[in-house]
Amino acid sequence: MEINGLPLHALVVHAAVVLTPLTAVAAVVYAVPGRWRDGLRWPVAVAAVVVVLAVWTAYLSGEQLEEANQYGGPLAELLETHESRANILRWATTAFGAVAVLAAALHRRRGVAQVVLAIALAALAVLTLVYAVLTGDAGAQIAWYGISG
C-alpha cells in the first residue's frame with residue numbers, strides 16, 4: 001500500500017519509532033508509585049493501544065513491502081535481522097498494551113495485584129523499548145544501505 005507514492009511502511013514506522021519509546025518511558029514512570037501515577041493512568045493506556053496499532057501496521061506493511069521487493073546479498077541479511085526483531089517487537093508491544101490497559105482498569109486496586117501489574121508493565125515497557133531500538137536500528141541500516149553501501 002502506498003500514500004502519495006510512498007510505501008505505507010515508510011510513513012507509519014515513524015509513529016512507531018517515536019511513540020513506542022515515549023510510551024514505554026511513561027509506563028515505567030507510571031509503574032513507580034508516586035504523585036504522577038493517577039495522572040498517567042489513562043494517557044499511558046491509550047498511548048499503549050496507539051503504539052500497538054502503529055507497530056502492527058508497520059509490521060504488516062513491512063511484510064507487503066518485502067513481498068514486493070526481492071533482496072539479495074548483504075541486504076537480505078539486514079532484512080532478515082530487521083524482520084526477526086520486528087516479530088518480537090509486535091508481540092512484546094501487544095503484551096505491553098494489554099497490561100497497560102489492565103493496569104489502568106485496575107488502577108484503584110491495592111495489594112499484590114497492583115504490585116504484579118506494575119512490575120509486569122515496567123518489564124514489558126523495557127522489553128518493548130529495547131526491541132523498538134533494535135528493530136529501528138536494523139530498519140535504518142536497510143534504509144541507508146543504498147546510500148552508503
Side-chain angles (χ1 to χ4, degrees), residues 1-69 71 75 77-145:
M1 175 180 229
E2 293 183 355
I3 297 177
N4 202 24
L6 291 173
L8 178 62
H9 185 74
L11 298 171
V12 76
V13 76
H14 289 88
V17 167
V18 172
L19 293 177
T20 302
L22 290 174
T23 304
V25 169
V28 170
V29 172
Y30 169 80
V32 176
R35 63 182 177 159
W36 297 99
R37 194 168 173 87
D38 286 340
L40 286 174
R41 172 185 182 187
W42 288 111
V44 166
V46 170
V49 170
V50 171
V51 164
V52 170
L53 294 173
V55 167
W56 272 89
T57 303
Y59 182 84
L60 294 173
S61 62
E63 288 283 311
Q64 289 177 342
L65 189 60
E66 180 191 18
E67 289 171 8
N69 297 293
Y71 300 107
L75 191 55
E77 293 173 23
L78 290 174
L79 184 63
E80 186 176 319
T81 299
H82 179 60
E83 187 177 16
S84 173
R85 291 175 180 172
N87 189 40
I88 295 169
L89 175 62
R90 72 182 169 139
W91 293 112
T93 303
T94 301
F96 169 61
V99 170
V101 170
L102 187 61
L106 300 176
H107 176 76
R108 298 277 182 226
R109 294 193 82 153
R110 301 289 180 231
V112 176
Q114 186 181 44
V115 172
V116 169
L117 282 172
I119 291 169
L121 182 62
L124 288 166
V126 170
L127 179 67
T128 297
L129 177 61
V130 167
Y131 270 92
V133 170
L134 291 173
T135 304
D137 178 64
Q141 288 182 37
I142 293 167
W144 287 96
Y145 181 81

Tell me every residue that passes side chain to side chain donor-acceptor pair (under 3.5 Å) with His9, counting only those two or more places apart in sequence or in another chain.
Ser61
Side-chain donor/acceptor pairs under 3.5 Å, residues 108-117, sequence neighbours excluded:
none

Test side chain to side chain donor-acceptor pair (under 3.5 Å) applied to Arg90 - qualifying residues, sequence neighbours left out
Asn87
Going by salt bridge (Lys or Arg N to Asp or Glu O under 4.0 Å), name the residues that satisfy it together with Asp137, two or more places apart in sequence or in a different chain.
none
Ring pair (Phe, Tyr, Trp, His ring centres under 6.0 Å) partners of residues 19-39, not counting sequence neighbours, each pair once:
Tyr30-His107
For His82 and Gly139, indicate whether the former's side chain and the latter's backbone hold a donor-acceptor pair under 3.5 Å.
yes
Going from CG on Leu134 to CG on Leu89, what distance comes out if it is rounded to the nearest 0.5 angstrom?
9.5 Å
Check: residues 95-105 side-chain donor-acceptor pairs under 3.5 Å, at least two apart:
none

Give every residue pair that meets the ring pair (Phe, Tyr, Trp, His ring centres under 6.0 Å) criterion with at least one member in residues 39-61, sequence neighbours excluded.
Trp56-Trp91
Heavy-atom closest pair (Ala125 atom, Val28 atom, distance to 0.1 Å) is CB-CG2, 3.9 Å
Rounded to the nearest 0.5 angstrom, the CG-OG1 distance for Leu129 and Thr93 is 10.5 Å
The residue among Leu11, Val13, Val52, Val12 that forms side chain to side chain contact (heavy atoms under 4.5 Å, CB included) with Thr57 is Val12
Measure the CG-CZ distance between Leu40 and Arg35 for me, rounded to the nearest 0.5 Å.
11.5 Å
Please list every donor-acceptor pair under 3.5 Å in which a side-chain atom of residues 14-27 meets a protein atom from a residue at least two apart or in another chain.
{"residue": "His14", "atom": "ND1", "partner": "Ala10", "partner atom": "O", "Å": "2.8"}
{"residue": "Thr20", "atom": "OG1", "partner": "Ala16", "partner atom": "O", "Å": "2.6"}
{"residue": "Thr23", "atom": "OG1", "partner": "Leu19", "partner atom": "O", "Å": "2.8"}

